[in-house]
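Atoms within a ligand are numbered from 1 in the order they appear, just like the ligands themselves.
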Amino acid sequence: MVPKQTNDNGNKGTGERFSSSKGFILAAIGSAVGLGNMWKFPYITGENGGAAFFLLFIACLIAVGLPVLLAELAIGRAGRGSAASSFVKAGGGKVWGRLGLISVIAPFLIMTFYILVAGWTLHYAIMSFSGRITTDVDFNAQFSSFTGSYLPLVWAFVAMILVAFVVIRGISGGIEKFNKVLIPGMLALLVILMIRSVTLPGAMEGVSFFLSPDFSKLTPEAGLVALGHAFFSLSLGMGTMITYGAFVDRNQSLGSATLAVGAGDLIYAFIAGLIIFPTTFAFGIDPSSGPGLVFVALPAAFSAMPLGWLFGGLFFTLLAIAALTSLVSLLQVPVTYVMEKWNWSRNIAVCSISLLVFLVSIPSALSMGLIDIEIGKYNFFDFIDFFASNWLLPLGGLIVTLFAGYFWKNAAQEAGLTAKWFRIWLFMLRYVAPILMVFVFLHSTGILKFE
Ligand code: PFF
């Protein structure tokens, strides 16, 4: 076992650390780049008019996402604890520790449906490689009969085992090594698929949909969707970046890590857009066809192109990797919490939480067609997604901005910025981010409506 060690703040830490700056940054990019980039980003961009929405997303990422990302990493590194206790250990009162609990529960809930979608991607990768995505298939019916069966649970179980297998090996031996291989691997897959996609006949219409902005399409609503997505995409408000921050070396510049993670997230989303829009336009598919875009519309496109089984297989493998590297960061959050709180060993923590995630994912999986499990107007799957992404995530983000902006005496020292950048950072945390977060919260929970 790794001996407990005291860090430079005098706080107890687990003693585990990322072994290199590169390893840490790749792990954080792995967390950020996920189904959000490859599945959600393309369809919300499609629904909100394309290029103008993409620019809005970039603005939100820079103005609000990056300051909050830096705050999360700094709180984690100063506290060297869990997503809850780090607030207290970094110098906040006990109440912050309680508020921080939101950021331990949220990733657990997110995992329960994220793991299902990760399972879908594995299933589709195998289907495609084995030549079962062919032009004579009704992809809508195929998707609903798959999600309405028990099979997604089998795949979710496989995905959970893969994730647990990585996290059980620890920060540098598991999470860091896994990301060091897979993040460059993902980039290679993205580039191959992008080249395939932009060279399809008719692809340029898709490229221009994605890259030439029509500002008349922008609405206040689109602004809030873009901001909410910038948060989700950078893995904020979920305790993951606080948790990763707790394992970062003192000498790491958090400012440059923040920029690298933001740039990484953006680049991967950009290339994903350059895969999805040219393909959809080339095959006459409506890019605003919603969540089914990736699992219904794209298989139709792959089935109709030469070597489609190969490109489809690679595409779903890419999605699976993106999902798994995000899931390892999500799992690490409650694992860190129980290891610290109840002194559980890593093995016990990982196995029990993974099992619990799988068990809680069962009602979500069944609610997709096998059993009617409804909460309000949502089925169970959509309800957990809605509650975690629209309630807990903005609240978690708000807690971070308020703490770092108003209540954290050591903020300047821990963030390690120059005086000028520190003033800008503080301004964003105090006045811009919290106000916008409140709007996102009110809008995404349905309290604020635009007519
Ligand atoms: N950032 C991930 C994505 O874009 O898919 C999702 C995510 C991972 C959200 C980890 C939150 C989190 F803590």
Side-chain angles (χ1 to χ4, degrees), residues 26-45 57 60-61 65-66 68-69 72-73 75-76 82-84 100 102-118 120-121 159 163 166-167 175 179 182-183 186 190 225-246 261-262 264-273 291 294 318-337 353 357 384-397 399-400 440 444:
L26 289 179
I29 292 179
S31 172
V33 174
L35 294 169
N37 301 58
M38 318 272 169
W39 171 55
K40 204 165 177 188
F41 171 72
Y43 83 76
I44 57 175
T45 304
F57 170 71
C60 294
L61 201 78
L66 295 187
V68 179
L69 173 58
E72 292 206 3
L73 293 174
I75 292 169
S82 68
I102 291 183
S103 307
V104 177
I105 296 165
F108 177 85
L109 291 177
I110 291 265
M111 259 188 291
T112 66
F113 69 85
Y114 208 91
I115 197 83
L116 288 169
V117 186
W120 300 352
T121 63
V163 172
V166 174
V167 178
I175 294 180
N179 280 290
L182 290 184
I183 299 304
M186 247 194 329
L190 276 164
V225 173
L227 187 61
H229 188 66
F231 250 71
F232 184 80
S233 191
L234 284 176
S235 303
L236 301 175
M238 294 273 164
T240 40
M241 292 303 180
I242 300 180
T243 303
Y244 272 2
V261 175
D265 190 51
L266 194 59
I267 291 169
Y268 281 60
F270 179 71
I271 306 180
V294 158
L318 169 72
L319 245 56
I321 297 174
L324 294 175
T325 53
S326 293
L327 278 162
V328 296
S329 74
L330 286 162
L331 180 58
Q332 183 59 45
V333 178
V335 163
T336 307
Y337 180 80
I353 293 172
V357 168
I384 299 273
D385 178 10
F386 174 77
F387 180 63
S389 310
N390 297 344
W391 282 80
L392 299 183
L393 184 146
L395 283 179
I399 291 164
V400 170
V440 169
S444 61

Y114 heavy atoms within 4.0 Å reach ligand 1 at atoms 2 (C), 3 (C), 5 (O), 6 (C)
Please indicate whether any nitrogen or oxygen in G36 is less than 3.5 Å from any nitrogen or oxygen in ligand 1. yes
Show the atoms of ligand 1 that are less than 4.0 angstrom away from any heavy atom in S233. 1 (N), 4 (O)
Proximal ligand 1 atoms for L35, defined as those under 4.0 Å from one of its heavy atoms: 5 (O)
Should you measure from each heavy atom of N37, which atoms of ligand 1 turn up under 4.0 Å away? 4 (O)
Between T240 and S329, does the side-chain hydrogen bond (donor to acceptor under 3.5 Å, both in side chains) criterion hold? Intermediate values first, please. CA-CA 6 Å; T240 40; S329 74; 4.8 Å; no
So, does I110 sit close enough to ligand 1 that a heavy atom of it is under 4.0 Å from the ligand? no
Check each heavy atom of F232 against ligand 1 and say whether those closer than 4.0 Å belong to the side chain, the backbone, both or neither. both
With heavy atoms only and a cut-off of under 4.0 Å, state how S235 meets ligand 1: side chain, backbone, both or neither. both
Is there a heavy atom of S31 sitting under 4.0 angstrom from any atom of ligand 1? yes
side-chain hydrogen bond (donor to acceptor under 3.5 Å, both in side chains) partners for Q332, two or more places apart: T336, R346
Separation between CG of N37 and CG of D265, rounded to the nearest 0.5 Å: 4.5 Å
Where L234 and M241 come nearest, the two heavy atoms and their spacing: O-CE, 3.6 Å
Is there a polar contact, in the sense of an N or O pair closer than 3.5 Å, between L330 and ligand 1? no
From K40 atom NZ to T45 atom OG1, the distance as rounded to the nearest 0.5 Å: 11.5 Å
Atoms of ligand 1 close to A32 [distance to a heavy atom under 4.0 angstrom, numbered from 1]: 1 (N), 2 (C), 3 (C), 4 (O)
